[in-house]
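Have a look at the structure below, then the notes.
Protein chains get the first letters and strands the later ones, always in sequence-line order, with residue 1 at the start of each.
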Amino acid sequence: MTPPAPLPTQLPTELPNPLPRPDDELARLEAAWKPPSGWKLLSAVNNTHIGLFYIATAFAFFVAAGILALLMRIQLAVPENTFLDQVLYNQMFTMHGTVMMFLFAVPVVEAIGVLLLPNMLGARDLPFPRLSAYAYWAYLIGGVVFFGSLFFGNAPDGGWFMNPPLTSYRYSPGANADWWLLGIGFIEISAIAGAIEIIVGILRTRAPGMSLDKLPIYAWAMLVFAGMIVFAFPAVILATMLLELERAFHWPFFVAELGGDPLLWQHLFWFFGHPEVYIIFLPAAGMVSLIVPTMARTPLLAHRLIVLALAGTGFLSFGLWVHHMFATGIPQLSLSFFSAAGMAVAIPSGIQIFAWIATMASGRVQLKTPALFVLGFLAVFVIGGLTGVMVAVVPFDWQVHDTYFIVAHLHYVLFGGMVFPMFAAFYYWIGCRARWPARRIAVGVFRIRALAYRRHREPGAARRLVGNAAGAAGSGLFVSMAAAFTGDGGSWRGAEGREERYLGIVPRESFPRAASKGC
Amino acid sequence: MNCARASLCLVALPALVSLGACGNMPAVLDPHGSNAQQTAQIAWVLFWGGGLIFVFVMALAAYAVFASPAHRAWLGRQNFVVGAGIVFPIVTLSALLFYTFKVSGELVGAKDAAPLKIEIVGEMWWWRVHYVDAGGASVLVTANEVHIPVGRTVELFLESADVLHSFWVPNLAGKLDLIPGRVNVLRVKADSAGVFRGQCAEYCGAQHAKMAFHVVAHAVPEFDAWLAAQQLPAAAPRTPTLERGMTLFIANCGACHTVRATPAAGQLGPDLTHVGSRLALAAGTLPNNVGTIAGWIAASQHIKPENRMPSFDRFTGEELRALAAYVESLQ
């Protein structure tokens, strides 16, 4: 492995068109790009606005689904609790999982991409601004309607994976499951629209001179991420269509006695559901790969290896969906391949983790807020990864599958792998916009968050038990949520993130958020 | 075992420690059957290995941040990334993969010449249990309790009558799903006598939490005696109260429940011919005694909402006592 080629130091000084420029060119350009104000804000299509709306909405769903988790923990705090009845409890854990996955995790990483990518690529906007506005508004309306079903006691209650036959017409005759199938179907379409926009944006709207090998690592992560969405989400859209056809018209896709097969759903769902984890993790890893070099004031080590790891994760993640179906009675030989694939996918993650550690060692880490969140991410995510290797072991998985071990594992992966980096990114990119120095509050947020992140990890406790006789320890995950809107007043000196070297090539005004130096 | 327990605390599963669970192992790590035994061994390897790797990675990260630049220079090289990020996981994971393939091959391949065959049907939200002879004919139907002989392989044929369920007795083996249209076979062998709690482990609707069961492992002679006693028809009522209870049972309960040797021959609910001898009521929901039986009859929808049995709250106190006494007498 050789280090990446140095970037051009000579920037082009001549414009491509030698003809004289019109006098009012700049005024007209600025008028065209003036941000809309007041009610017209609703008609905004520029990525800087849509990206912010998008992130704020996703964060609101994060808080809402977090409140659902708190209510569930209250129910589970003592045995035989009567705080929630089984109807509401089952709706809540279904909504918690679904909202966190489909209305928070995927939209928020896509939203951060919408906000940051054009700035990093040196473009004024994404290639299809109206498409991103459409994706946002479709997501907002679909998400609010979907979440609203909870207030009418009519929310989906089949678990976030919605396994038939429980969710089919016979055992779920109400409209509950239809909210899920239709709502999530449309939200998926919005995600695919965003992914296509990101792919085209990265491949077609880079600044002059930014060849693919000079692509910021975050853009690589987003390219793989978007490609995975385009490949994985049609599987779940197909599954939801089949199940809705079964529910509406009684076509027996999943009814065993009429020739269907309930396992078909699981194959389709997890063919999407496993890559989903990496769809959420890769953008976060991309952000960490930008933040670590800045915090350590040194270029990212093993840049090419990391890009290979990103692409390798994207590839491997499609080969291990049966990872989630070890207990369904699939023959041992078939399980072995998926067990091996489940372990192999740990390697690309290992490459990235050690590349970040090596980068930290080769520089000198400033322990500012983003760096703290990145270190917290390392600790929590490594536990998530190691427990992931554990559940790839077939006999062990037979014991821990569908227990709180899995709940702990997936929360370590998602909270460690995505929420910690997101907070790191928040403090990293908000750095030069913050009006008040609130470093102490931010560090406090981190400490609460890191302490609060201790989950119940008992292998012997089965999940989704409303009246769990064993009770279960609360985790207080979300205590610090309200305090999270604080900024670190500093800017990051000594940053070497690659994206910043393009400052001279492209219009500056879209840059401040992407390049957090020197504002 | 004490050593193993101490090591569990060292591995620092914080929730376990905070629950004071070091004296009270989770069932997965308290195996009473060969299948669970081998899995628990893998679990210890994984906990220890994972714990060590975690400590190692965290130490490296701390070193990278806090050690002096001269000391940490060796870390900041691409060779380190290749070694720790590629070579190390390939070696460890390959070793782990071969080790676990070997064990799971033994788990799946372990066959017995003459296993005991039991067919278990998951229904919302209880377990119908058929004992079958070598030819596959049913010799006994019972519910929510699986009795097995110690030391003999038992083949459990798992089926579902409605939605997905999963059969899980952590002391004996890992779980296996019950899927409509399929028959999954789980082999278990208990090494010692005991009562082991089982639980449905695949979310199956409103009362998934109250879909438990017990596996009772007996020494072979006791098991044979149990099987013979269960195959007998129900005991005839010996007192006028019990007789009155039987009359009420046949009139009110017989459409759904069977009590062999009486006109009650319903198939919707559990066979109650020997319900009085079982450890629990309503799929592990309540302890089994005359009081809980009466409570269940009168308020089953309150105790386990949405289950298929209506609350029979129209009996007088005297009728309910007679009915409960009769059900309890079905030993």
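- Heavy-atom pairs under 4.5 Å with chain B peak, among A/A327, A/A340, A/A392, A/S362, at A/A327.
- Heavy-atom distances place no part of A/L333 under 4.5 Å from chain B, backbone and side chain included.
- When A/S349, A/G329, A/P348 are compared by the number of non-hydrogen pairs under 4.5 Å with chain B, A/G329 comes out ahead.
- At distances below 3.5 Å, at least one donor-acceptor pair connects side-chain atoms of B/K175 with backbone N or O atoms of A/H401.
- With a 4.5 angstrom heavy-atom cutoff, A/E257 does not touch chain B via any of its atoms.
- Between B/F47 and A/F405, the two ring planes are tilted [angle within 30° to 60°].
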Between B/V82 and A/I351, does a side chain to side chain contact (heavy atoms under 4.5 Å, CB included) hold up when you go through it step by step?
CA-CA 7 Å; B/V82 173; A/I351 292 174; over 6 Å; no

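- Most heavy-atom pairs under 4.5 Å with chain A, from the set B/S160, B/G181, B/S104: that is B/S104.
- For the pair B/N184 (side chain) and A/T328 (backbone), a donor-acceptor distance under 3.5 Å is present.
- If you measure heavy-atom distances from A/L386 to chain B, the contacts under 4.5 Å come from the side chain alone.
- At distances below 3.5 Å, at least one donor-acceptor pair connects side-chain atoms of A/Q399 with backbone N or O atoms of B/P170.
- A/V87 and B/E306 make their closest contact through CG2-OE2, 3.4 Å (heavy atoms, listed as atom of the first residue, atom of the second, distance).
- No other option in A/L335, A/V365, A/I357 has as many heavy-atom pairs under 4.5 Å with chain B as A/I357.
- When all heavy atoms are compared, the tightest approach of B/A61 to A/L378 is CB-CD1, 4.1 Å.
- Neither the backbone nor the side chain of B/M211 has a heavy atom closer than 4.5 Å to any heavy atom of chain A.
- Considering only heavy atoms from C-beta on, A/F396 stays 4.5 Å or farther from B/T100 through its side chain.
- In this structure, the separation between CD1 on B/I53 and CD1 on A/I383 is 13.0 Å, given to the nearest 0.5 Å.
- Both the backbone and the side chain of B/A84 come within contact range of chain A, judged by heavy atoms closer than 4.5 Å.
- With a 4.5 angstrom heavy-atom cutoff, B/D162 touches chain A via backbone and side-chain atoms both.
- Atom CZ of A/F337 has 12 or fewer neighbouring heavy atoms from other residues, nucleotides or ligands inside a 6.0 Å radius.
- In terms of modelled atom types and a separation under 3.5 Å, the side chain of B/R72 and the main chain of A/G363 share a donor-acceptor contact.
- A distance of 5.0 Å separates CG in B/L97 from CE in A/M343, rounded to the nearest 0.5 Å.
- The ring of A/F354 has its center no closer than 6.0 angstrom to the ring center of B/F88.
- Heavy atoms of B/P69 lying under 4.5 Å from chain A are absent altogether.
- Taken to the nearest 0.5 Å, the CD atom of B/E202 stands 4.5 Å off from the CG atom of A/D402.
- Ranked by heavy-atom pairs shorter than 4.5 Å toward chain B, the options A/G385, A/A379, A/A344 are led by A/A379.
- Put simply, the side chain of A/S339 reaches to within 4.5 Å of the side chain of B/F101, judged on heavy atoms.
- Heavy atoms only, all atoms of each residue included: A/P395 and B/T39 are closest at O-CG2, 3.3 Å.
- Interface remark: B/A36 contributes backbone and side-chain atoms alike to the contact with chain A (heavy atom separation under 4.5 Å).
- Considering every non-hydrogen atom in both A/A358 and B/F80, the closest pair reads CB-CD2, 3.8 Å.
- Interface residue B/F66: only side-chain heavy atoms are found under 4.5 Å from chain A.
- Residue contact with chain B, scored on non-hydrogen atoms closer than 4.5 Å, is absent for A/T359.
- Atom-to-atom distance recorded for A/I347:CD1 and B/I86:CD1 is 8.5 Å, nearest 0.5 angstrom.
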The test is side chain to side chain contact (heavy atoms under 4.5 Å, CB included); show your working for A/W398 and B/W168 and say whether it passes.
CA-CA 9 Å; A/W398 284 334; B/W168 186 37; over 6 Å; no

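- Contact annotation for A/A346: only side-chain heavy atoms (C-beta onward) come within less than 4.5 Å of a heavy atom of chain B.
- Among B/N35, B/V185, B/L186, B/L75, the residue with the largest count of heavy-atom pairs under 4.5 Å with chain A is B/L75.
- Along residues 164-172 of chain A, the residues that come nearer than 4.5 angstrom to chain B, judged on non-hydrogen atoms, are A/P164, A/P165, A/L166, A/Y171 in order of number.
- Considering only heavy-atom pairs separated by less than 4.5 Å from chain A, the leading option among B/A67, B/P89, B/P305 is B/P305.
- Residues forming a ring pair (Phe, Tyr, Trp, His ring centres under 6.0 Å) with B/F196 (at least two apart in sequence, or on another chain): B/H32.
- Of the atoms belonging to B/L93, heavy atoms from both backbone and side chain fall under 4.5 Å from chain A.
- Note that the CD1 atom of B/I42 and the CG atom of A/D397 stand 11.5 Å from one another [nearest 0.5 Å].
- The CG atom of B/L164 sits 5.5 Å away from atom CD of A/Q266, with the distance rounded to the nearest 0.5 Å.
- Both the backbone and the side chain of B/F54 have a heavy atom closer than 4.5 Å to some heavy atom of chain A.
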